[in-house]
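FYI, the numbering just counts along the sequence from 1.
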Amino acid sequence: TKEDVFYELYRKADEYFEEEVEPLLYTEEMDVQKRVLLFFRKYALYNVNNGLEYVSQLYTANNRFFIDRERYMLDLLFRIITDGQKTGQMRVDLDPEEIMEDLFIVSRGLVFDWCLHDGAYALEEKMHTHLKRHLRVFCELSEIQE
């Protein structure tokens with residue numbers, strides 16, 4: 001079925017993040033911002049390497065695999081965020097699950113936009129710019145100065 005095909009595609013993506021991406025995130029001392037940015041750079045590259053036509057087929061509202069909380073990719077980002085909170089690099093007044101969801105909403109939106117524009121721009125660069133900007137909110141002090 002179409003759902004079985006989607007499941008296999010997402011299983012391969014999770015396998016890639018477990019075997020290829022996670023080891024890169026912990027090979028050297030890097031702060032949480034760099035880890036998150038590297039995570040999403042690899043996310044962007046994974047999509048680009050799979051190709052516009054392939055990725056466009058996945059970006060549909062009927063595809064619930066994006067939000068399946070049992071996925072390795074989501075769990076990896078969640079662990080990065082909670083580690084960042086434990087080390088004081090990320091705001092602790094925000095729920096790590098909400099931070100993870102928000103970062104994925106932004107990244108999926110960028111991939112969707114890339115598809116809408118027929119891959120007309122460098123997804124990796126745009127992902128880095130937007131995630132860096134967005135990540136600042138989660139790494140600010142928990143008290144916002146007025």
Side-chain angles (χ1 to χ4, degrees), residues 2-3 5-87 89-142 144:
K2 189 173 185 179
E3 188 171 295
V5 172
F6 277 167
Y7 174 79
E8 183 61 21
L9 296 173
Y10 283 91
R11 187 194 64 72
K12 285 182 179 182
D14 284 335
E15 187 176 278
Y16 168 75
F17 269 80
E18 182 175 8
E19 295 175 5
E20 303 292 328
V21 176
E22 185 173 18
L24 295 174
L25 297 172
Y26 295 98
T27 56
E28 61 181 70
E29 281 297 315
M30 87 176 62
D31 65 24
V32 70
Q33 289 182 17
K34 287 181 183 171
R35 268 196 189 105
V36 170
L37 291 171
L38 178 58
F39 177 96
F40 283 107
R41 179 182 321 132
K42 294 298 184 179
Y43 182 77
L45 285 172
Y46 187 81
N47 283 285
V48 169
N49 290 338
N50 279 307
L52 182 63
E53 188 172 318
Y54 167 89
V55 173
S56 295
Q57 297 299 311
L58 299 177
Y59 278 77
T60 169
N62 296 327
N63 183 354
R64 299 290 182 208
F65 287 106
F66 280 122
I67 59 173
D68 181 352
R69 190 53 184 93
E70 299 301 313
R71 296 203 42 229
Y72 189 85
M73 187 187 304
L74 275 67
D75 185 61
L76 176 57
L77 183 59
F78 181 82
R79 286 184 281 128
I80 293 168
I81 292 165
T82 56
D83 288 348
Q85 288 179 321
K86 287 176 188 172
T87 59
Q89 297 176 64
M90 292 193 88
R91 294 173 57 167
V92 295
D93 62 325
L94 299 172
D95 180 67
E97 190 82 22
E98 290 181 42
I99 295 172
M100 180 199 67
E101 289 173 1
D102 196 57
L103 293 172
F104 266 113
I105 288 168
V106 170
S107 64
R108 285 191 306 261
L110 286 166
V111 175
F112 182 72
D113 185 72
W114 177 74
C115 291
L116 288 174
H117 287 92
D118 296 321
Y121 56 80
L123 180 59
E124 181 186 0
E125 290 175 26
K126 193 158 240 178
M127 183 76 70
H128 181 79
T129 301
H130 282 271
L131 265 291
K132 187 175 180 182
R133 185 181 309 144
H134 201 73
L135 193 55
R136 287 187 192 125
V137 171
F138 301 118
C139 296
E140 291 177 350
L141 298 174
S142 54
I144 305 296

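- At least one side-chain heavy atom of Ile99 sits less than 4.5 Å from a side-chain heavy atom of Gln85.
- Here the side chains of Glu18 and Leu76 are not in contact, with every heavy-atom distance at 4.5 Å or above.
- Between the CG atom in Asn47 and the CG atom in Asn50 there is a gap of 6.5 Å [rounded to 0.5 Å].
- Counting heavy atoms from C-beta outward, Tyr43 and Val111 have side chains that approach closer than 4.5 Å.
- Take Leu116 and apply the side chain to side chain contact (heavy atoms under 4.5 Å, CB included) test, not counting sequence neighbours, and it matches Phe112.
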- Query: Could you walk me through whether Met73 and Tyr16 pass the side chain to side chain contact (heavy atoms under 4.5 Å, CB included) check?
  - Reply: CA-CA 9 Å; Met73 187 187 304; Tyr16 168 75; over 6 Å; no

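- The CE atom of Met90 sits 10.5 Å away from the CG atom of Asp31 when rounded to the nearest 0.5 Å.
- For the pair Thr82 and Pro96, the tightest heavy-atom approach, listed with the atom from each and the gap, is CG2-CB, 3.7 Å.
- Partners of Leu38 by side chain to side chain contact (heavy atoms under 4.5 Å, CB included), not counting sequence neighbours, listed by chain and number: Leu24, Leu25, Met30, Arg41, Lys42.
- At distances below 3.5 Å, not a single donor-acceptor pair connects side-chain atoms of Gln33 with backbone N or O atoms of Gln89.
- The ring of Phe104 has its center closer than 6.0 angstrom to the ring center of Phe40.
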- Going through the distances and angles, do Leu77 and Phe17 end up as a side chain to side chain contact (heavy atoms under 4.5 Å, CB included)? CA-CA 10 Å; Leu77 183 59; Phe17 269 80; over 6 Å; no

- Message: What verdict does the side chain to side chain contact (heavy atoms under 4.5 Å, CB included) test give for Phe138 and Asp102, after you've listed the backbone C-alpha separation in whole Å, the side-chain angles of each residue and the deciding distance to 0.1 Å?
- Response: CA-CA 10 Å; Phe138 301 118; Asp102 196 57; 3.1 Å; yes

Let me have the donor-acceptor pairs involving side chains of residues 117-129, under 3.5 Å, with sequence neighbours excluded, atom names and distances please.
{"residue": "His117", "atom": "ND1", "partner": "Asp113", "partner atom": "O", "Å": "2.9"}
{"residue": "His117", "atom": "ND1", "partner": "Asp113", "partner atom": "OD1", "Å": "3.4"}
{"residue": "His117", "atom": "ND1", "partner": "Asp113", "partner atom": "OD2", "Å": "3.4"}
{"residue": "Tyr121", "atom": "OH", "partner": "Leu110", "partner atom": "O", "Å": "3.4"}
{"residue": "Tyr121", "atom": "OH", "partner": "Asp113", "partner atom": "OD2", "Å": "2.6"}
{"residue": "Tyr121", "atom": "OH", "partner": "Trp114", "partner atom": "N", "Å": "3.0"}
{"residue": "Thr129", "atom": "OG1", "partner": "Glu125", "partner atom": "O", "Å": "3.1"}

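- Taking the ring axis of Tyr72 as reference, the NZ or CZ atom of Arg79 stays within 45° of it and closer than 6.0 Å to the ring centre.
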- Task: Starting from the C-alpha separation in whole Å, work towards a yes-or-no answer on side chain to side chain contact (heavy atoms under 4.5 Å, CB included) for Leu135 and Cys139.
- Result: CA-CA 6 Å; Leu135 193 55; Cys139 296; 4.2 Å; yes

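- Residues Ile81 and Val32 fail the side-chain proximity criterion, which asks for heavy atoms closer than 4.5 Å.
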